[in-house]
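As structure tokens, the structure follows; a few thoughts come after it.
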Amino acid sequence: MFWIALWLAQAAVTPQIERGEALFFEAAKGCANCHALKGRGTAAGPDLTVIGRISPAAIAVATRSTMTQYVQTVTLKSKETFPAMPGAKDEKTIQLYDLSKTPAELRKIERTEIESMKGNDRWKHPPAERKYTDEQMADIVAYIRYAVTGSRKSVDPSEVH
């Protein structure tokens with residue numbers, strides 16, 4: 001019985017990790033609308049398994065970043081324009097994650113339908129727009145670190161300021 005109780009205590013996540021997970025997977029503007037962790041979410045944005053291993057301050061800087069070097073502004077011949085993360089492509093089609101949708105919508109588009117794709121100048125990383133508090137950011141960072149490394153170590157809001 002002692003070993004079961006010990007295992008349950010070690011398996012339990014902290015309240016901070018639970019709050020961070022709730023924010024990460026929030027339907028309206030959560031990170032999982034573009035990122036996947038622990039088999040959940042949408043894998044449109046960059047893989048977070050590397051970022052989960054860096055310092056809390058570095059994770060916060062990346063999360064709050066307004067730089068969107070991977071995002072392209074796509075204009076179709078129909079004149080529809082949308083921000084997108086490019087995905088797989090072949091000689092006839094390209095997969096684009098349409099970032100104007102929440103969650104990001106995967107679209108497979110014929111290359112002949114694309115008028116242009118150029119660097120993004122409007123779309124911003126949602127956490128930069130959302131303006132998370134330091135406490136919320138610490139919760140999100142704690143969850144990302146837990147999801148990637150299994151660490152249950154708390155993150156102080158001063159570490160992400």
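Everything numeric in this text was worked out from a predicted model, so none of it was measured.
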So, taking the atom named [atom1] in [X] and the one named [atom2] in [Y], what distance separates them when rounded to the nearest 0.5 Å?
X	Y	atom1	atom2	value
Gln95	Lys108	CD	NZ	6.0 Å
Gln136	Glu26	CD	CD	8.5 Å
Ile17	Ile140	CD1	CD1	13.5 Å
His161	Asp156	NE2	CG	12.0 Å
Met85	Leu106	CE	CG	12.0 Å
Cys34	His125	SG	NE2	7.0 Å

Can you tell me which residue among Asn120, Val74, Val71 is in a side-chain contact (heavy atoms from CB on, under 4.5 Å) with Leu99?
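Testing Leu99 for a side-chain contact (heavy atoms from CB on, under 4.5 Å) against Asn120, Val74, Val71 leaves exactly one candidate, Val71.
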
Which atom names give the shortest non-hydrogen contact between [X] and [Y], and what distance separates them?
X	Y	answer
Ser154	Glu159	O-OE2, 4.2 Å
Pro86	Leu96	CA-CD2, 3.8 Å
Gly52	Arg145	O-CG, 3.6 Å

Report yes or no: do [X] and [Y] belong to one cluster of Ile/Leu/Val/Met/Phe/Trp/Tyr joined by side chain heavy-atom distances under 4.5 Å?
X	Y	value
Ile51	Leu37	yes
Val155	Val13	yes
Ile59	Phe25	yes

Check the pair Leu76 / Arg107 against side chain to side chain contact (heavy atoms under 4.5 Å, CB included), numbers first and verdict last.
CA-CA 12 Å; Leu76 302 179; Arg107 297 173 64 175; 3.9 Å; yes

Side-chain heavy-atom pair [X], [Y] within 4.5 angstrom cut-off:
X	Y	result
Arg53	Val148	yes
His35	Thr42	no
Thr14	Glu18	no
Arg122	Pro83	no
Thr102	Lys29	no

Check step by step if side chain to side chain contact (heavy atoms under 4.5 Å, CB included) holds for Thr63 and Met137.
CA-CA 9 Å; Thr63 302; Met137 185 59 64; 3.7 Å; yes

Counting distance only, does the side-chain N/O of Glu113 pair as donor-acceptor with the main-chain N or O of Glu110 below 3.5 Å?
no

Please check if the side chain of Ser65 supplies one atom and the backbone of Val61 the other of a donor-acceptor pair under 3.5 Å.
no

Could you walk me through whether Tyr132 and Leu23 pass side chain to side chain contact (heavy atoms under 4.5 Å, CB included), step by step?
CA-CA 10 Å; Tyr132 286 116; Leu23 287 165; 4.3 Å; yes

Just jot down the salt bridge (charged side-chain N to carboxylate O under 4.0 Å, His left out) partners of Arg111, sequence neighbours excluded, or say none.
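For Arg111, no residue satisfies salt bridge (charged side-chain N to carboxylate O under 4.0 Å, His left out) once neighbours in sequence are set aside.
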
Has Lys77 got more than 12 heavy atoms of other residues, nucleotides or ligands less than 6.0 Å from its NZ?
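Enclosed.
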
Using the side chain to side chain donor-acceptor pair (under 3.5 Å) criterion, which residues pair with Arg64? Sequence neighbours excluded.
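Arg64 satisfies side chain to side chain donor-acceptor pair (under 3.5 Å) with Asp134 only.
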
Taking the six-membered ring of Tyr143 as reference, does the NZ or CZ atom of Arg19 fall below 6.0 Å from its centre and within a 45° cone about the axis?
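No.
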
Identify whether NZ of Lys or CZ of Arg in Arg40 sits under 6.0 Å from the centre of the six-membered ring of Phe24 and within 45° of that ring's axis.
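Judged by the rule (NZ or CZ under 6.0 Å from the ring centre, within 45° of its axis), Arg40 is not positioned above Phe24.
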
N-O pairing of Lys38 and Glu21 below 4.0 Å:
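Judged by the 4.0 Å cut-off on N to carboxylate O distance, Lys38 and Glu21 do not form a salt bridge.
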
Take Tyr146 and Arg152, measure what side chain to side chain contact (heavy atoms under 4.5 Å, CB included) needs, and give me the verdict at the end.
CA-CA 6 Å; Tyr146 167 74; Arg152 290 175 177 80; 4.1 Å; yes

